[in-house]
Structures are given as C-alpha cells and as structure tokens.
Amino acid sequence: MRRAIYPGTFDPITYGHLDVIERGSKIFDELIVAVAESLPPIGPRGPSKETLFTIDERLEMVKELTKKFANVQVECFSGLVVDYVRKKKTNVLLRGIRTVSDFEYEFQMALTNRTFAPEVETVFVMASQDYSFLSSRLIKEAASLGANLTSFVPPQVECRLKEKLKSLG
Ligand code: ADP
C-alpha cells in the first residue's frame with residue numbers, strides 16, 4: 001500500500017492545491033493532506049507572519065473540499081514534516097510545483113528533508129497550467145482588493161475569505 005503525505009499551510013486551499021490533491025489521489029493508494037498548524041518562524045519570503053485562517057478553519061475547508069476523494073484523508077500536524085511522515089509510517093512526501101521560482105525553494109526543502117530523513121522521497125507534481133500562477137498569498141491580496149475569485153478558489157472558500165476580511169475590518 002502506497003501512502004503519501006501532502007503537507008502545506010493551505011491558507012486558504014485553492015484550485016491549485018485541489019489539482020495537486022486529485023493527481024496525488026490517482027498516483028497513491030492513500031493520500032494524507034497534512035495541514036500545518038502554524039507557519040514556521042522563517043518562510044521563503046523572510047520572517048513569517050500569522051496565517052489568515054485558524055488551523056480549525058483551514059482544516060474544515062480542506063476536509064469539505066476533499067471529501068469527494070475516497071482515498072484522501074485530512075489531518076493537522078506541527079513540527080518537522082519528516083517526523084510526521086515517519087509517524088504516519090510512510091516515506092513519500094508530495095509537493096506541487098508551479099514555476100521555476102518554486103523550484104529553488106522546493107529543491108532546498110527536499111534536500112534538507114533528505115538530510116534529516118534519508119528514507120523519505122519527495123515527489124513533485126505539476127498542477128494544470130491554468131493554476132500555474134496561483135498561490136494562497138495572491139488570493140489573499142486579490143480578495144483584500146475586492147477581486148472576483150471565481151477562477152481561483154471554490155465558492156465556499158471565496159465566501160469565507162470575504163467574511164474573514166470583513167471581520168478584520
Ligand atoms: P507551504 O506554506 O508549505 O508552501 P502551501 O499551502 O503554500 O504550503 O503549498 C503547499 C504545496 O502546494 C507546495 O508544494 C506548493 O508548491 C503547492 N502548490 C500551491 N499552489 C499550487 C499551484 N497553484 N500549483 C501547483 N502547486 C501548488
């Protein structure tokens with residue numbers, strides 16, 4: 001049985017993530033979408049700030065949108081991803097690649113994780129080119145400017161984003 005872990009922040013989940021999940025669900029017998037409880041103190045663009053959505057909100061959205069995939073489970077995790085991968089008794093990490101700029105960060109992460117856990121392999125998939133520019137950061141920026149997000153996130157997520165931004169004033 002091949003089980004893979006797809007870790008991320010999913011703040012919030014987009015059509016890009018869902019595309020990666022669908023592809024992963026076809027490659028592996030079981031896919032666990034692992035939602036990171038919080039951002040690491042330092043992210044790819046310098047010191048990380050807080051996530052927009054709480055861990056419970058992010059989990060709820062990912063669960064709702066992935067329930068159509070019979071072999072996909074959703075969990076939250078904290079700490080080193082390779083520790084979580086080992087805890088789940090597997091050795092495959094799934095990540096998505098969008099652009100060349102993603103590649104450098106993902107390459108560093110994969111090799112760092114390999115140093116910590118040589119038995120863990122990172123497998124990359126490319127989402128559809130329709131989503132190759134899509135990121136949660138971009139969605140949040142566009143939402144705060146009042147953009148129509150229909151092509152980027154499912155309606156439930158768009159609704160939650162609007163509510164969240166309204167509640168923040
Ligand atoms: P992280 O904070 O760990 O980067 P994200 O939720 O931003 O978490 O992303 C999780 C994974 O999904 C990463 O591998 C990222 O490259 C991938 N991903 C996100 N959006 C897309 C997309 N539009 N197309 C392909 N992969 C994507």
Side-chain angles (χ1 to χ4, degrees), residues 4-28 31-66 69 72-85 88 90 92-114 116-117 120-143 147 149-154 156-158 160-161 164:
I5 310 291
Y6 176 38
T9 315
F10 305 101
D11 185 40
I13 186 165
T14 69
Y15 282 134
H17 294 124
L18 284 165
D19 186 299
V20 170
I21 292 169
E22 183 166 3
R23 287 170 202 279
S25 77
K26 290 179 186 156
I27 303 173
F28 302 103
L31 182 66
I32 301 180
V33 181
V35 183
E37 235 171 70
S38 53
L39 291 172
I42 310 279
R45 286 174 205 85
S48 304
K49 299 203 190 88
E50 278 186 15
T51 54
L52 178 65
F53 291 98
T54 66
I55 179 64
D56 290 338
E57 290 166 337
R58 287 179 283 132
L59 270 174
E60 224 175 271
M61 286 186 270
V62 179
K63 278 187 183 156
E64 189 184 340
L65 293 163
T66 57
F69 304 114
V72 173
Q73 290 173 41
V74 183
E75 293 190 1
C76 73
F77 81 102
S78 56
L80 272 183
V81 74
V82 287
D83 289 342
Y84 178 76
V85 172
K88 289 286 143 190
T90 180
V92 184
L93 260 177
L94 177 69
R95 295 285 287 179
I97 283 271
R98 281 164 287 209
T99 53
V100 179
S101 54
D102 258 355
F103 179 78
E104 192 175 343
Y105 173 64
E106 293 291 340
F107 184 78
Q108 283 179 348
M109 283 260 291
L111 291 185
T112 307
N113 284 333
R114 182 176 282 170
F116 295 143
V120 172
E121 289 297 343
T122 306
V123 173
F124 295 100
V125 296
M126 276 178 280
S128 154
Q129 61 187 16
D130 297 345
Y131 309 128
S132 62
F133 59 91
L134 208 60
S135 71
S136 300
R137 187 179 54 88
L138 186 111
I139 299 297
K140 286 180 278 193
E141 282 175 15
L149 302 176
T150 312
S151 328
F152 307 149
V153 292
Q156 303 94 310
V157 175
E158 180 165 10
R160 290 244 193 176
L161 263 167
K164 176 63 87 177

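Numbering of ligands and ligand atoms starts at 1, following listing order. Position 1 is the first residue of the sequence, and the numbers go up from there.
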Validation row: R58, I55 side chains within 4.5 angstrom (heavy atoms): yes
Any donor-acceptor pair under 3.5 Å from E37 side chain to S78 backbone: no
Under 4.0 Å from ligand 1 - residues by heavy atom, chain and number: Y6, P7, G8, T9, F10, G16, H17, V20, R95, G96, I97, R98, D102, E106, A127, Y131, L134
Counterpart residues, side-chain hydrogen bond (donor to acceptor under 3.5 Å, both in side chains), relative to D19 (two or more places apart): R23
Plane angle bin for F152 and F133 - parallel if under 30°, tilted between 30 and 60°, otherwise perpendicular: perpendicular
Candidate list R160, K63, K164, test salt bridge (charged side-chain N to carboxylate O under 4.0 Å, His left out), partner E57, passing option: K164
Residue among V82, V81, V85 satisfying side-chain contact (heavy atoms from CB on, under 4.5 Å) with F116: V82
